[in-house]
Amino acid sequence: MKIILLGPPGAGKGTQAKIMAQELRLSHISTGDILRREVKGATPLGQEAKGYMEAGRLVPDTLVTEMVKKRLGEPDVEKGFILDGFPRTAAQAKALDGILSGGIDRAIYLKTSEGTVLQRLTGRRVCPQCGINYHLSNMPPKKDMLCDQCAVELFQRPDDNEVTVRNRLNVYFKESQSVLDYYRRQGRLEDVSGDCDAPEVFAVIKKILAFS
Ligand code: ADP
Ligand code: ADP
Ligand code: ZN
């Protein structure tokens, strides 16, 4: 199964992708996670991407597309995948169809209100070790500010501050419609409300995929 998850920053793409990867045995590919690793490792790609990410702007299509192409060539992807955070522009969507023979199976659009995503992004906290997302009030860790699995301290992503969040949402509103239209025209887009709690959202996704 080849699935992509669409929706604004904070819609819950990462959270759903992790549940789906586990329950449906698919590889979870997050372009944000890959880029953050490249930045941390100060690789040439990371050095180039850093400024864009800090400003809440999109990393240029050519760089991200090349990175995704490489990742999709790895052996674990053969069992199927969930792409989280890609494509974000019409050019990326076209490039993805060029990489995959026959395109994707389903594009799940987590349609989420602006109030919800603002609340989620500002309260998001992340485990530096395993990458699980928590939320100060929606999904707090069991103990203090420590990851339930790794017991290391959670941190706030630098781009989850209010000013950068605003920029990311503006970028999203500018670019997202053409991506949604692209998959709607292919008849592969499914709208799912992202405003409900995470198990409810997953139940809807599961139902859609069972009928695909
Ligand atoms: P969120 O989960 O909040 O939507 P991501 O972790 O997906 O954020 O992305 C973080 C940042 O990484 C983006 O603001 C952007 O700078 C960069 N990025 C991630 N995916 C892409 C992409 N497909 N195209 C361009 N830039 C990307
Ligand atoms: P995205 O990858 O789309 O940017 P995340 O999965 O990182 O979104 O979720 C953003 C924040 O909202 C995280 O702090 C996460 O714990 C929380 N969250 C995710 N899904 C839900 C949900 N359905 N209800 C409440 N909070 C959620
Ligand atoms: Zn952890």
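Atoms within each ligand, like the ligands themselves, are counted from 1 in listed order.
Of the protein's non-hydrogen atoms, the one nearest atom 26 (N) of ligand 2 is Asn138 ND2, 3.0 Å. For atom 6 (O) of ligand 1, the nearest non-hydrogen atom of the protein is Arg36 NH1, 2.9 Å. Atom 8 (O) of ligand 1 has Arg157 NH2, 3.2 Å as its closest protein atom, hydrogens excluded (heavy atom only).
In summary, the atoms of ligand 2 found under 4.0 Å from a heavy atom of Ala198, numbered by their order in the structure, are 22 (C), 23 (N). Counting the atoms of ligand 1 from 1 in the order shown, those under 4.0 Å from a heavy atom of Thr31 are 19 (C), 20 (N), 21 (C), 23 (N). Residue Val64 has at least one heavy-atom neighbour below 4.0 Å for each of these atoms of ligand 1: 22 (C), 23 (N), 24 (N), 25 (C). Numbered from 1 in the order shown, with element, the atoms of ligand 2 that lie under 4.0 Å from a heavy atom of Gly14 read 1 (P), 2 (O), 6 (O). Every atom of ligand 2 with a heavy atom of Tyr134 under 4.0 Å away is listed here by number and element: 13 (C), 14 (O), 16 (O).
The main-chain N or O of Leu146 is never found under 3.5 Å from a side-chain atom of Tyr134 such that the two would form a donor-acceptor pair. Remark: side-chain polar atoms of Thr31 are paired, donor with acceptor, to backbone N or O of Gly85 under 3.5 angstrom. Thr43 places no side-chain N or O within 3.5 Å of a backbone atom of Gly41 that could act as its donor or acceptor partner.
Contact annotation: for Leu35 versus ligand 1, heavy atoms closer than 4.0 Å belong to the side chain alone. Here Gln92 has side-chain heavy atoms under 4.0 Å from ligand 1, and that is the only part of it that gets that close. When heavy-atom distances to ligand 1 are checked against a 4.0 Å cut-off, Arg120 has no atom that comes that close, whether in backbone or side chain.
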Let me check something: any side-chain donor-acceptor pairs from residues 10-18 under 3.5 Å, sequence neighbours excluded? List them with distances.
{"unit_1": "Lys13", "atom_1": "NZ", "unit_2": "Gly7", "atom_2": "O", "d": "3.2"}
{"unit_1": "Lys13", "atom_1": "NZ", "unit_2": "Pro8", "atom_2": "O", "d": "3.0"}
{"unit_1": "Gln16", "atom_1": "OE1", "unit_2": "Phe202", "atom_2": "N", "d": "3.4"}
{"unit_1": "Gln16", "atom_1": "NE2", "unit_2": "Ala198", "atom_2": "O", "d": "3.1"}
{"unit_1": "Lys18", "atom_1": "NZ", "unit_2": "Gly131", "atom_2": "O", "d": "3.4"}

When the side chains of residues 47-57 are checked against the rest of the protein, which donor-acceptor pairs come out under 3.5 Å, sequence neighbours left out?
{"unit_1": "Lys50", "atom_1": "NZ", "unit_2": "Glu54", "atom_2": "OE2", "d": "3.3"}

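Residue Lys79 qualifies as enclosed at atom NZ: its count of foreign heavy atoms under 6.0 Å is above 12.
Among Glu200, Gln156, Met139, Arg124, the residue whose heavy atom lies closest to atom 27 (C) of ligand 2 is Met139. Heavy-atom proximity to atom 10 (C) of ligand 2, evaluated over Cys196, Gly10, Gly131, is greatest for Gly10. For atom 9 (O) of ligand 1, the nearest non-hydrogen atom from the set Arg88, Glu175, Arg168, Met53 comes from Arg88. Of the candidates Arg57, Lys50, Lys13, Arg57 brings a heavy atom nearest to atom 16 (O) of ligand 1.
At under 3.5 Å, not a single nitrogen or oxygen of Pro9, backbone or side chain, sits near a nitrogen or oxygen of ligand 2. Residue contacts with ligand 1: Gly85 is placed with a nitrogen or oxygen under 3.5 Å of a nitrogen or oxygen of the ligand (distance criterion only). At a 3.5 angstrom cut-off on N or O pairs, Val201 does not count as close to ligand 2. In terms of polar-atom proximity, defined here as any N/O pair under 3.5 Å, Gln16 makes no such contact with ligand 2. Checked against a 3.5 angstrom limit, the closest N/O atoms of Asp84 and ligand 2 fall outside it. Distances between N or O atoms of Leu121 and those of ligand 2 include no value under 3.5 Å. Checking only distances, Ala11 does come within under 3.5 Å of ligand 2, N or O to N or O. Checking only distances, Gly12 does come within under 3.5 Å of ligand 2, N or O to N or O.
The Zn ion (ligand 3) has Cys127 SG, Cys130 SG, Cys147 SG, Cys150 SG as protein N, O or S atoms under 2.8 Å away.
Not counting sequence neighbours, the partners of Arg157 by the side-chain hydrogen bond (donor to acceptor under 3.5 Å, both in side chains) test are Asp159.
The salt bridge (Lys or Arg N to Asp or Glu O under 4.0 Å) test with Asp160 is passed by exactly one of Arg168, Arg125, Arg120: Arg168.
Hydrophobic clustering keeps Leu118 apart from Met139 (ILVMFWY residues linked when any side-chain heavy atoms are closer than 4.5 Å, directly or through intermediates). Taken together through direct or relayed side-chain contacts under 4.5 Å among Ile, Leu, Val, Met, Phe, Trp and Tyr, Ile4 and Ile19 form parts of separate hydrophobic clusters.
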Intermediate values then yes/no, side chain to side chain donor-acceptor pair (under 3.5 Å), Thr62 and Thr65: CA-CA 5 Å; Thr62 45; Thr65 302; over 6 Å; no

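A 4.5 Å side-chain heavy-atom check between Ser27 and Ile82 finds every atom pair outside the cut-off.
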